[in-house]
*Asks:* 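Mind looking over this structure? Questions follow.
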Amino acid sequence: MVSSSIPTVDLSSFFTVGDEDGKQKARDLINHACSEYGFFQIVNHGVPIDLMNRAMKLSKTFFQNPAEEKIKSSPDSCAPLPAGYSKQPDHSADKNEYLLMFSPGSSFNVFPSNPPEFREVLEELFTYFSKTGQLVESIITDCLGLPPNFLKEYNGDRSWDFMVAMNYFPATESENNGVSEHEDGNCITFVLQDEVGGLEVQKNGQWIPVIPNEDTLVVNISDVIQVLSNNKFKSATHRVVRPKARCRNSYAFFYNLQGDKWVEPLPQFTKEIGEPPKYRGFYYKDYQALRLRNKTHPPSKPEDAINITHYAIST
C-alpha cells in the first residue's frame, strides 16, 4: 500500500537558537524524503504568509488582463531565458502562460505595469525565496554528510536563479495536461500553489496529489543534486494536472546553478566509498541547452526528450 502523504517539515527550529532536536527531526524527515522520491513540503520557512497571499492575488489579476495588455511585458530576445510574459504555443502539450523573472535588478527582467504594485511584490517574494533556498541547501548539505558550506561554496552565484508565476488554463473534455511528467534540471525547486492544487508527485510508481495549504511550500530535489550525490538523493518526478472549469495559479522558484559549473558525482559518493560513478560529467549550460531544445524542437515521441539519463553510465 503506497502512502499518500508527502512529508511536511517544520523549519522553525532553524530560526531559533538552541533547538537542536527540532533541527535533527527536520533533517531526518528531509533525508528520508530525498532518498526515496525527492519531494517534501515545508512550513515556518521564513516567507511571510501575507506576502505569499498578495503575490498570488496579484498574479491572478495580471493573468486576467486581456492578451494585448499582457504582451506588453514580452521578453527581450537577448535574455538567456524568456524573462517577461510568455504563453505556451498552441501545439505544446503544456497548456499554460507564465511570467518569468531573474533576481531583482537583472537587466533581463520585463515587469508588467498592471497591476502597478506587482513588480514590488514579485521582487520581495523572489528575495525571500532565495533566502529559503540557501537554508534548504544548507540542510541538504548536512543530510548528505558533506562539509559545512560545501554546496554554498560550490553554488554561490545566485544570479542564475529565476522565478515563474504561472497560470494554467481550465481542462477540456479531451485533455487536462498542465505540465507533462518531468524532473527539474536545476538544484532545488520551490512551489507555491493556490487552493486549486493540481501538482502531483510520483511516489513508488503512483501519482500522489500534493494538497495545497496556505502556509506551505513544496520542495523538490532536482537533477544537479541527484548527480552530485550519485543517486543518493532522487530528482523528483512530477506533473501538473489541470482542473475543469477554473484556472490554476502557482509560483515556482528555481534555485539554480551557474552555467559554466562542471557537474559530476562527488568523490564522497564514489571513490571514497568504493562506488562507481553513475553519470559522466558535464557543463551545466550544455545540459540546459539540451533541455531547452526539448521545448523549442519537441521530439515526436515524449520518451525521446533529453533528461539526466543522457549522461548516465551504463553498468
Side-chain angles (χ1 to χ4, degrees), residues 9-20 22-35 38-40 42 44-47 80 101-106 123-163 184-191 217-236 252-270 272-273 279 281-285 287-288 308:
V9 184
D10 185 347
L11 298 186
S12 59
S13 59
F14 294 92
F15 295 92
T16 58
V17 177
D19 188 3
E20 294 305 317
K23 291 178 183 177
Q24 191 56 51
K25 181 180 179 181
R27 291 189 196 103
D28 290 344
L29 284 168
I30 290 173
N31 186 65
H32 177 74
C34 294
S35 299
F39 244 96
F40 56 97
I42 52 176
N44 298 316
H45 37 64
V47 184
M101 68 170 286
F102 291 100
S103 60
S106 170
E123 292 182 331
E124 187 177 1
L125 184 64
F126 190 107
T127 300
Y128 274 104
F129 269 138
S130 182
K131 292 176 182 177
T132 302
Q134 292 172 62
L135 172 59
V136 172
E137 180 185 63
S138 71
I139 297 171
I140 289 172
T141 299
D142 291 340
C143 291
L144 288 172
L146 294 169
N149 294 324
F150 182 93
L151 290 177
K152 180 180 179 180
E153 292 169 4
Y154 172 75
N155 184 26
D157 184 353
R158 301 271 52 85
S159 65
W160 290 70
D161 297 345
F162 63 97
M163 183 175 76
D184 292 341
N186 54 306
C187 296
I188 312 166
T189 304
F190 299 84
V191 174
L217 296 176
V218 184
V219 185
N220 66 269
I221 299 302
S222 303
D223 289 344
V224 169
I225 300 297
Q226 177 170 299
V227 172
L228 293 176
S229 69
N230 206 35
N231 281 1
K232 177 177 172 63
F233 280 2
K234 305 296 189 293
S235 185
F253 181 85
F254 297 89
Y255 196 80
N256 214 358
L257 186 66
Q258 197 267 340
D260 288 329
K261 279 290 185 180
W262 183 254
V263 183
E264 66 179 354
L266 296 171
Q268 290 92 334
F269 305 106
T270 53
E272 291 183 11
I273 60 172
Y279 301 92
F282 55 91
Y283 286 106
Y284 183 64
K285 62 183 178 182
Y287 179 41
Q288 291 307 292
I308 201 61

*Asks:* Would you compute the distance between atom SG of Cys34 and atom CZ of Phe39 and round it to the nearest 0.5 angstrom?
*Replies:* 11.0 Å
*Asks:* Could I get the full list of ring-ring contact (aromatic ring centres under 6.0 Å, His included) partners for Phe233, not counting sequence neighbours?
*Replies:* none
*Asks:* Are Phe269 and Leu144 side-chain neighbours, meaning at least one heavy-atom pair lies under 4.5 Å?
*Replies:* yes
*Asks:* Using a 6.0 Å distance limit plus a 45 degree cone around the ring axis, check whether Arg158 lies over the aromatic ring of Phe102.
*Replies:* no
*Asks:* Could you label the plane-to-plane angle of the Phe253 and Phe126 rings as parallel, tilted or perpendicular, counting under 30° as parallel and over 60° as perpendicular?
*Replies:* perpendicular
*Asks:* Looking at Gln134, His45, Met163, which hits side chain to side chain contact (heavy atoms under 4.5 Å, CB included) with Phe129?
*Replies:* Met163
*Asks:* Applying salt bridge (Lys or Arg N to Asp or Glu O under 4.0 Å), name anything that partners Lys25, two or more places apart in sequence or on another chain.
*Replies:* none
*Asks:* Got a sec, which residues hit side-chain hydrogen bond (donor to acceptor under 3.5 Å, both in side chains) with Asn230, two or more places apart in sequence or on another chain?
*Replies:* none
*Asks:* Once you round to the nearest 0.5 Å, how far does CD1 of Ile139 lie from CD1 of Ile188?
*Replies:* 9.5 Å
*Asks:* List in chain and number order the residues that pass side-chain contact (heavy atoms from CB on, under 4.5 Å) with Pro147, two or more places apart in sequence or in another chain; answer none if no residue qualifies.
*Replies:* Phe150, Gln268
*Asks:* Within a strict 4.5 Å, meaning less than it, do heavy atoms of the Asn149 and Thr141 side chains meet?
*Replies:* no
*Asks:* Can you list everything that forms a salt bridge (Lys or Arg N to Asp or Glu O under 4.0 Å) with Asp142? Sequence neighbours excluded, please.
*Replies:* Arg27
*Asks:* Please lay out, stage by stage, how Phe190 and Val136 fare under the test side chain to side chain contact (heavy atoms under 4.5 Å, CB included).
*Replies:* CA-CA 10 Å; Phe190 299 84; Val136 172; 3.7 Å; yes
*Asks:* Hey, does the side chain of Lys234 reach the backbone of Ser35 with a donor-acceptor pair shorter than 3.5 angstrom?
*Replies:* yes
*Asks:* Can you confirm whether Ser235 sits close enough to Ile308 that some side-chain heavy atom of one is under 4.5 Å from a side-chain heavy atom of the other?
*Replies:* no
*Asks:* Taking atom CG of Asn186 and atom CG of Asp223, what is their separation to the nearest 0.5 Å?
*Replies:* 8.0 Å
*Asks:* Measuring only between side-chain heavy atoms, which start at C-beta, is Leu228 closer than 4.5 Å to Leu151?
*Replies:* yes
*Asks:* Could you tell me if the side chain of Phe15 sits less than 4.5 Å from the side chain of Asn44, heavy atoms only?
*Replies:* no
*Asks:* Say you draw a straight line from OG1 of Thr270 to OH of Tyr279; how long is it, rounded to the nearest 0.5 Å?
*Replies:* 13.5 Å
*Asks:* At what distance, to the nearest 0.5 angstrom, does CD1 of Ile30 lie from CD1 of Ile42?
*Replies:* 7.5 Å
*Asks:* Suppose we screen for ring-ring contact (aromatic ring centres under 6.0 Å, His included). Which residues come up paired with Tyr154, at least two apart in sequence or across chains?
*Replies:* none
*Asks:* Which distance, rounded to the nearest 0.5 Å, do you find between the SG of Cys187 and the CD of Gln226?
*Replies:* 12.5 Å
